[in-house]
Each structure stands twice: as C-alpha cells, then as structure tokens.
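A short worksheet on the structure shown next.
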Amino acid sequence: MKYRTKKITRTVPHTVGADTRYVDIHETVQVPVVPVDWDRVVFLGLSAVAVLGIVVSVAWSTASIGGLLSLTVPGAIAYAAASIFDLAWITCLAAEWLDRYNTAKARMPRAIGHVALVIAMLAVFARGAMSGSWVTGLVGAVVSGIAKVIWIVVLHHQSKPLDDRTQQWVNQYSAEAGARMAMLTVNRQLARAQEGYEGTAVPVITTAEDSAGQARAAVIAALDTMPNASTEDVVNQLAMAGITVTADLVDEVSGQADDKSDSRSDASITDFVRDLVNLGVRDRDTVLAAVQSGLGPDVNTKSVVRIFYRTIAA
C-alpha cells in the first residue's frame, strides 16, 4: 500500500485556567493512496472514442449526403437535411441507452435505429456511386456503421442483464413511478384550468339591484320546485347551491309575510283551493281567478299561489 503526505486541520479543545475554547491545529499525516481504477479509465476511454466516432460520423455523413442533396436544393437546406440521417439513429441510440434496464421497451428504439442507420449508409453510398467511385461510397457508408458498432459495445457493457423475476419487479416499480408522474401532470393541468376559470370568470352580479333580482329569482325557482318547503328549507337549499338569501326575502316572495299580517283568511283560502283541486283543477291562474271571485278581489294573491302549490304537492 502506498501512502502520501497530507496536511489536515482539526478542531480541539484548549483550556487556559478554567476557560475552555476550541482551536484549530494543523497536522501532517500519511494517508493511503487509492489505487488507479483501470476499469474506470478504460471505460472513460471507450466512451471518449464512441463520442468521437459519433462526431466524425455526423460530419462525414452530413458532408456526403449534403453534397448529394445540394444538386437539387440550396446548400444550406441540403446540409441541414443531411444531418437528419445520422441524428435519427443517434436519437434512437440515446433512447435505447435510457431504456437499458427495460429490455422490452428498448427493442423499439433499437429496431428503428438499425433501420435509420441502414438508410444513412445507403445515402452515403449513393453519393459515392454518383461521384464515380462505388468503393468510396462503400467505405464512406461503413463510417456510420463503425460508429454504431462502437456504441453497441458501450451499451452492451453498461446493460446489466436482469433475471426474469428482477425484471418484472423493475417493470412494476417503473409502472408505479410512471403512474405517479402521470397524476402529477394531470393535477398540474387541473390546477391551470382552475386558475384560468377563476381568472376569467366574470361575476354576473355587478350592482345591488342585480343581486337582489337574482336572489328573488332564485327564491321563485326554489318555491316552484319545492312548493311545500318551509322558509328555512328554502334558505338552506339555496345556500347549498351557493346563493345566499334571507328568511325575510323568502317570506316576502312566498307571501308568508303578508299571511302573518292577515292570517285570518288562511283557513278560508286553504279550503277553497283544496275544493278546487279535488274537483280536478290544476291550473294556477284558474284557481287564482276562482278564489278572487269567491273570496273577493283583495285576497292575497301570494297566499293563494303558495297554498295552491302546497295542496297539489300533498
């Protein structure tokens, strides 16, 4: 084991009299020298060669295919399009690398990458053949193939084979992680939608008169659907729908406020309305006209309507 000298600083207690303080001291120690990790060095060298091969392959293919395409289109467009040939299989190579722990998922980018590589090699060969030397075209096409092979070696070294059970465990864990990520995305979309709604929703009520009118309309609608409901029931039902009304407003709209001041006609109106309903009269206006004709035109209209709805609902 080899050692090397190293200067270190330690904090130690130092007491003067009865007062203890912490001070720094500097020491020189011998520490072991970590052996060179030749496996790591070789892998880094292999990766550097693979990256260099990619750069050379892209440059060579772009120059060759770009020269071919420039016969029909402007040079800038031709060389930009030519770079796609190698970039296609390089992209698939990167996807295969990311999926190296999921053999089933890595099959698709591997297959598409092989197809893209063959197309790029054929395009380079075509350029050489058109220049009058099929040998040059063939050798040029092999450049992309060699770059691909180098990366296959790197992937093979990094892809650790998993047994069937471990692979299933990895797949299930990845699926659960993917589901959580998907829910995060959905929740973000819902949050954005909610923010957009809250930011663009314009309140319908802009004045006190509009607010009172909407509240009155809501009470009328509630009474039509719940003719036998009490004032408290109407207030609570509208509150559940997000509409705030007062008990006095419900009494006013339903006629109960008038009934409180003139309750002596309630019994006669109830009997009159019940008799009409028993005779088969179900039209509100007809009942109202009959009650006014029988009990007088000054009878409380709202009380007649309220009692009518309560009677037919019973």
Side-chain angles (χ1 to χ4, degrees), residues 33-70 73 75-131 133-164 166-171 173-175 177-178 181:
V33 177
V34 179
V36 177
D37 186 354
W38 290 108
D39 290 343
R40 181 67 176 173
V41 172
V42 172
F43 178 73
L44 291 176
L46 177 61
S47 300
V49 171
V51 172
L52 179 61
I54 288 288
V55 174
V56 173
S57 173
V58 172
W60 174 258
S61 298
T62 301
S64 299
I65 303 173
L68 176 64
L69 297 178
S70 62
V73 297
I77 299 177
Y79 286 100
S83 65
I84 299 299
F85 284 81
D86 265 8
L87 291 178
W89 66 263
I90 292 172
T91 300
C92 294
L93 192 67
E96 184 181 353
W97 169 275
L98 295 175
D99 294 331
R100 62 188 181 277
Y101 297 119
N102 191 331
T103 54
K105 194 175 180 180
R107 291 194 189 101
M108 184 183 72
R110 182 184 304 120
I112 297 177
H114 289 161
V115 173
L117 174 63
V118 171
I119 294 175
M121 294 175 67
L122 290 175
V124 174
F125 177 77
R127 172 56 176 166
M130 290 186 64
S131 299
S133 175
W134 65 269
V135 176
T136 303
L138 181 61
V139 174
V142 172
V143 171
S144 295
I146 293 176
K148 173 75 171 181
V149 169
I150 295 175
W151 270 105
I152 290 176
V153 173
V154 175
L155 284 174
H156 181 73
H157 173 75
Q158 285 295 104
S159 299
K160 307 301 181 183
L162 303 176
D163 61 84
D164 181 62
T166 305
Q167 186 65 67
Q168 292 184 45
W169 184 91
V170 170
N171 294 343
Y173 190 85
S174 299
M181 293 175 63

Next on the checklist: I'd like to check the side-chain contact (heavy atoms from CB on, under 4.5 Å) partners of Trp97; sequence neighbours left out, ordered by chain and number.
Outcome noted: Arg100, Val154, Leu155, Gln158

Next on the checklist: If I compare all heavy atoms of Trp134 with all of Phe125, which pair ends up nearest, and what's the gap?
Outcome noted: O-CE1, 3.4 Å

Next on the checklist: Using every non-hydrogen atom in the two residues, find where Ser70 and Gly75 come nearest and quote the distance to one decimal.
Outcome noted: CB-CA, 4.4 Å

Checklist entry - In a check of side chain to side chain contact (heavy atoms under 4.5 Å, CB included) between Asp99 and each of Met108, Arg110, Lys105, which one passes? => result Lys105

Would you be so kind as to tabulate the donor-acceptor pairs closer than 3.5 Å made by side chains of residues 40-58, with sequence neighbours excluded?
from	atom 1	to	atom 2	distance (Å)
Ser47	OG	Phe43	O	3.0
Ser57	OG	Asp86	OD2	2.8
Ser57	OG	Ser144	OG	3.2

Item to check | Heavy-atom pair with the smallest gap, counting every atom of Ala78 and Val73 | outcome: CB-CG2, 3.6 Å

Item to check | Nearest heavy-atom neighbours spanning Ile112 and Cys92 | outcome: CG2-SG, 3.6 Å

Checklist entry - Looking at Trp89 and Ala147, what are the two nearest heavy atoms and their distance? => result CH2-CB, 4.1 Å

Item to check | Straight-line distance of His114 NE2 to Ile152 CD1, nearest 0.5 Å | outcome: 4.5 Å

Checklist entry - What's the spacing between Leu68 CG and Phe85 CZ if we round to 0.5 Å? => result 8.0 Å

Checklist outcome for this item: CG of Leu138 to CE of Met121, rounded to nearest 0.5 Å, is 8.0 Å

Next on the checklist: Quick check against the 3.5 Å criterion: does Ser64 have a side-chain atom that pairs as donor or acceptor with the backbone of Ser61?
Outcome noted: no

Item to check | Partner of Val124 by side chain to side chain contact (heavy atoms under 4.5 Å, CB included), out of Ile65, Thr136, Thr62, Val143 | outcome: Ile65

